[in-house]
Amino acid sequence: MENKPQRPNSYLALAIISTILCCLPTGIVSIIYATKVNSLYEDGNYNEATKASKNAKTWGLVSIGIAVLGWILYILIFGVAMFGALASGNAY
């Protein structure tokens, strides 16, 4: 019996959630890497499976980071605009 290393996490859930809720392009990259993990592991490419797992996690977190940055910029831009309108008395 062959002694296999533990299967790395595919982070497929993170990839799908980050694609749907956050940033589509980087989320898709994360899904691609996540789907490679199990097949690479089953083929015996344990190092490649681990690399794909790390890449899936990294791209999923990058997707979430881009979304958070986008929301912060959105709130800042419209918050400043609303504050400026209120300060000048032009708010309706």
Side-chain angles (χ1 to χ4, degrees):
M1 180 167 206
E2 187 179 333
N3 196 8
K4 291 183 178 181
Q6 185 176 356
R7 180 188 307 266
N9 191 341
S10 69
Y11 297 103
L12 187 58
L14 171 67
I16 292 171
I17 291 169
S18 67
T19 302
I20 293 172
L21 299 178
C22 300
C23 184
L24 189 64
T26 56
I28 289 173
V29 173
S30 181
I31 287 175
I32 291 169
Y33 280 115
T35 56
K36 289 181 179 182
V37 173
N38 289 338
S39 61
L40 287 169
Y41 180 83
E42 292 302 324
D43 290 342
N45 296 327
Y46 306 125
N47 290 335
E48 294 297 319
T50 302
K51 287 179 187 177
S53 173
K54 288 178 183 177
N55 283 331
K57 181 180 179 183
T58 299
W59 283 104
L61 294 175
V62 165
S63 180
I64 292 170
I66 290 172
V68 168
L69 182 63
W71 276 106
I72 289 171
L73 288 173
Y74 178 83
I75 290 169
L76 283 174
I77 290 169
F78 286 101
V80 168
M82 296 244 325
F83 181 73
L86 289 172
S88 67
N90 293 334
Y92 292 97

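As the structure is a prediction and not an experimental result, all values here were calculated from the model. Just so you know, these numbers use all the heavy atoms, side chains as well, and skip hydrogens, waters and symmetry mates.
At distances below 3.5 Å, not a single donor-acceptor pair connects side-chain atoms of Y46 with backbone N or O atoms of P8.
Taking each heavy atom of A56 and Y11 in turn, the nearest pair found is CB-CB, 4.3 Å. For G60 against S30, the heavy-atom pair with the smallest separation is N-OG, 3.4 Å. Contact detail for S18 and G27: the closest heavy-atom pair is OG-CA, 4.1 Å.
The residue from I17, L61, I64 that alone fulfils the side chain to side chain contact (heavy atoms under 4.5 Å, CB included) condition with C22 is I64.
Cluster membership check: L14 shares its hydrophobic cluster with V68, using side-chain heavy-atom separations under 4.5 Å among Ile, Leu, Val, Met, Phe, Trp and Tyr. Residues V62 and Y33 fall within the same hydrophobic cluster, defined by Ile, Leu, Val, Met, Phe, Trp and Tyr side chains chained together at heavy-atom separations under 4.5 Å.
Checked against side chain to side chain donor-acceptor pair (under 3.5 Å), N38 has the following partners two or more places apart in sequence or in another chain: R7. Looking at residues two or more places apart in sequence or on another chain, you find a side chain to side chain contact (heavy atoms under 4.5 Å, CB included) between I16 and L12, I20, I31.
When the shell of 6.0 Å around CG of N47 is examined, it contains 12 or fewer heavy atoms from other residues, nucleotides or ligands.
Atoms CD1 and CD1, from I77 and I72 in turn, are 12.0 Å apart once rounded to the nearest 0.5 Å. Rounding to the nearest 0.5 Å gives a distance of 11.5 Å between CG of L40 and OG of S10. A distance of 10.0 Å separates OG1 of T50 from CD of Q6, quoted to the nearest 0.5 Å.
Residue pairs satisfying the side chain to side chain donor-acceptor pair (under 3.5 Å) criterion with at least one member in residues 51-75, sequence neighbours excluded, are listed as follows: T26-S63.
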